[in-house]
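The chains referred to below are lettered A, B, ... by the order of the sequence lines, with proteins before strands, and numbering in each begins at 1.
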Protein chains: 4
Amino acid sequence: MGRTPNPDLRSARARRAILDAAVELGTRDGYAQVTVEAIAARAGVGKQTIYRWWPRKSAVLLEALNERSGPAAEVPDTGDLAADLGRQLRMVIGLLNGDLGLIWRGLLADAQSDACLAQELRDNFFTPRLRRWRDRLETAVAAGELRADVPSATMVELLFGPVYYRYLIGTSPLDADDAEALIEQIFNGLRPRP
Amino acid sequence: MGRTPNPDLRSARARRAILDAAVELGTRDGYAQVTVEAIAARAGVGKQTIYRWWPRKSAVLLEALNERSGPAAEVPDTGDLAADLGRQLRMVIGLLNGDLGLIWRGLLADAQSDACLAQELRDNFFTPRLRRWRDRLETAVAAGELRADVPSATMVELLFGPVYYRYLIGTSPLDADDAEALIEQIFNGLRPRP
Amino acid sequence: MGRTPNPDLRSARARRAILDAAVELGTRDGYAQVTVEAIAARAGVGKQTIYRWWPRKSAVLLEALNERSGPAAEVPDTGDLAADLGRQLRMVIGLLNGDLGLIWRGLLADAQSDACLAQELRDNFFTPRLRRWRDRLETAVAAGELRADVPSATMVELLFGPVYYRYLIGTSPLDADDAEALIEQIFNGLRPRP
Amino acid sequence: MGRTPNPDLRSARARRAILDAAVELGTRDGYAQVTVEAIAARAGVGKQTIYRWWPRKSAVLLEALNERSGPAAEVPDTGDLAADLGRQLRMVIGLLNGDLGLIWRGLLADAQSDACLAQELRDNFFTPRLRRWRDRLETAVAAGELRADVPSATMVELLFGPVYYRYLIGTSPLDADDAEALIEQIFNGLRPRP
DNA sequence: CACTAATCGAGACGGTACGTCTCGTCTTCGC
DNA sequence: GCGAAGACGAGACGTACCGTCTCGATTAGTG
């Protein structure tokens, strides 16, 4: 029964093949069309070998995705807040629009009905980035660059919200070149400045 | 084969029972757990009667949802833009946090892998609301209340993006009382005003 | 509820179209493939019109078949028992091997799981023929032509049994030219006569 | 798609449960009332496990029946042809009148509209028995016990035909005690012997 | 000749079973 | 004991017909 496997005996070859197959299928057919069975077949691996090490297909694809989108996690700090934010938004948008975007989109969708995946997504992806940007923004608040009466976590949501809105709802295309304008608009607001 | 049924002979009773059953199951178990079979069983209806009038379970739930979220669609116009926006955001947030939110969440998730549903969602839900708010905002632009150099469609996304971000990603809870602050922040921007 | 329709108002046109359609479909696709729905469609008739006048598809096909196989029911009496029997067997075999055979075969099959159809088949088809031949055979018994110690009903079964055996089980083809030999064999027996 | 399963990995437990369930349902409700779904449910088995190993419900019931009617297949040879035939006929009649008769009847009926089942029935059931009896009868012919001018296959049909006729058409009951009389009548013929 | 039934064509309805698909677990080997 | 292979129990899918029902629109025979 629910025995826990011994990680020392784990086959690195199988793990690689599984993650690679998952990404290939996910980028080719879309997240929802990927099945554990298909991953196993393409990886030349038994289904059980997948279920032994991952609880669900979402976990496989999440791990595969994490492996390949490390760079997008890096928060540069050149001292120029707006420029750094712009670079970050461009990277995120690039990721969403790229091959892996299909997988990311599927994971976000899946998380809507899988609390456990949702938690993992937050813990491993959103919360760390949020925290790092919150720190940056709080520095800017302290420097008088940003308002002190808006929670920094809210600021992050104001900046990233519109990006994900376009991505998930698709009323208008998501373009990396919009990043800087977006930041400017959030920073300065929609009302005319005197 | 693919014969088209005659809407004149359609049973209003069956339609009602199906939509009601769909909502009950959707709010109780969550969108993903709903099956056409279960809807039919609970509605006391043959499966074929569902497939005769709707192509997919998503179509059933979308119609059911549309029926019951009429009020949230109303764009109020009291002359006070910020107040009207606040009222609308509160309503949307109320919908998302309410019973029907579970269904709405599932539809949005499903739309990520079903282009046809995505299109329908945009056509029947997002685009109309977007258009109405765009008009309101353009009036405000013309009145000098809002910047003329930001596309009004973008403005709508800046306002609603953060709401859906919180809703779908869940890093922080979505509270109707945040509506007014959100609008103020978007309107005035994150930089201190002199 | 179960109201009984008024035969005076019955549409002769519909009746004809239904019986014709039933035979066409039955001879073309085989009894089992015929559906009430298909009969109705091909006859240009509502399903209810069929169910109003016949309880089951088997009843429709039985009536259609009876209509068209009148001649095979005729028991000739030329005085020559063996010759008359031969003529009858030839006719029966001709019917079974003909277009209508497919329907007849299906009815016999269906009767195996439908006691009511089985009864009707016996009452309207087998028993009358059986009775008439029993009478003929009893005359022959009285004339000393046939053994008196074999029940005449059994004699009929000995004669027709092998025909239906071949027909339903199909180990060897059923040929009208075998009729006379068959009769001779049953009459004279398998043991050599001195 | 139509992959062929590996018989080495077949579950003996499932096979047993399926065949047992099929017989139970068949003898209780009759062949026509048995459904693959019901067999699966009663056997505690997935439907796919049935469809993996048998193409149709008829194949399941045929296999189940074959398994349990081994003895009725035995052709005894005590040297006394008539006695051996009598024993065989009694056995066949016993089978037909017994619990399994309901299944056998259904299979024969089904075979009328399923050429593939008909072939299987002939190949696995009728032809072997026919062949063995033909051999016996040919020996008797060579010994001068039976006429040389009647094909032995025909002789078998003359003997078994009346049995199946009564069984399938039901104009008179089928009784094991009729076996010997039947054989005597076929052997000696219906005409009085001098 | 209008009236008034009941039948008619049409087809939607509540059901049942079909045969297929995919899920996550269990079983069987070979290494 | 892991890994490849794949059979297994479970159960939803979307389709085909069943036999019943509800519609107007003919179509009789009756007053």
Check: Over how many whole Å does the gap from Ile18(B) atom CD1 to dA12(E) atom P extend?
Finding: 13 Å
Check: If you take all heavy atoms of Gly26(B) and Leu102(B), which pair is closest and at what distance?
Finding: O-CD1, 3.8 Å
Note to self: In whole Å, I'd like the distance from the CD atom of Gln33(A) to the C1' atom of dT22(E).
What the structure shows: 13 Å
Check: For Trp54(C) and dC18(F), what is the distance between atoms CH2 and C1' respectively, to the nearest whole Å?
Finding: 18 Å
Margin query: Cation-pi check for Tyr51(D) against Lys57(D): NZ or CZ below 6.0 Å from the six-membered ring centre and within 45 degrees of the axis, yes or no?
Written below: no
Checklist line | First of Ala32(A) and Pro55(D) reached from the 5' end of DNA chain E, by closest nucleotide | finding: Pro55(D)
Next item on the list: Decide yes or no for Leu61(C) and Tyr31(C): does some side-chain heavy atom of the first lie under 4.5 Å from some side-chain heavy atom of the second?
Entry: yes
Please tabulate, for side-chain N and O atoms in residues 114-124 of chain A, each donor-acceptor pair with protein atoms closer than 3.5 Å (sequence neighbours left out).
| residue | atom | partner | partner atom | Å |
| --- | --- | --- | --- | --- |
| Asp114(A) | OD1 | Cys116(A) | N | 3.1 |
| Asp114(A) | OD1 | Leu117(A) | N | 3.0 |
| Asp114(A) | OD2 | Arg56(A) | NE | 3.4 |
| Gln119(A) | OE1 | Arg122(A) | NH2 | 2.9 |
| Gln119(A) | NE2 | Asp123(A) | OD1 | 3.0 |
| Gln119(A) | NE2 | Asp123(A) | OD2 | 3.4 |
| Arg122(A) | NH1 | Ile169(B) | O | 3.4 |
| Asn124(A) | ND2 | Glu120(A) | O | 3.3 |

Checklist line | Value rounded to 0.5 Å, distance of CD1 in Ile39(C) from CH2 in Trp54(C) | finding: 9.0 Å
Next item on the list: If a protein heavy atom is under 4.0 Å from the base, mark B; if only from the sugar-phosphate, S; if neither, -; do that for nucleotides 4-13 of chain F going 5' to 3'.
Entry: BBSBBSB-BB
Item checked: Close residues, residues 105-121 of chain C, relative to DNA chain F [heavy-atom separation under 4.0 Å] -> none
Note to self: Strictly below 4.0 Å, N to O, side chains only: are Glu63(C) and Arg68(C) in salt-bridge contact?
What the structure shows: no
Notebook entry, point to check: Taking the side chain as C-beta and beyond, is there a heavy-atom pair between Ile18(D) and Trp53(D) under 4.5 Å?
Noted result: no
Margin query: Does this structure show an ion pair linking Arg15(B) with Glu67(B), if we count only N-O contacts that are shorter than 4.0 Å?
Written below: yes
Next item on the list: Give the rounded distance in Å between these two atoms: CZ of Arg16(B) and P of dG14(E).
Entry: 14 Å
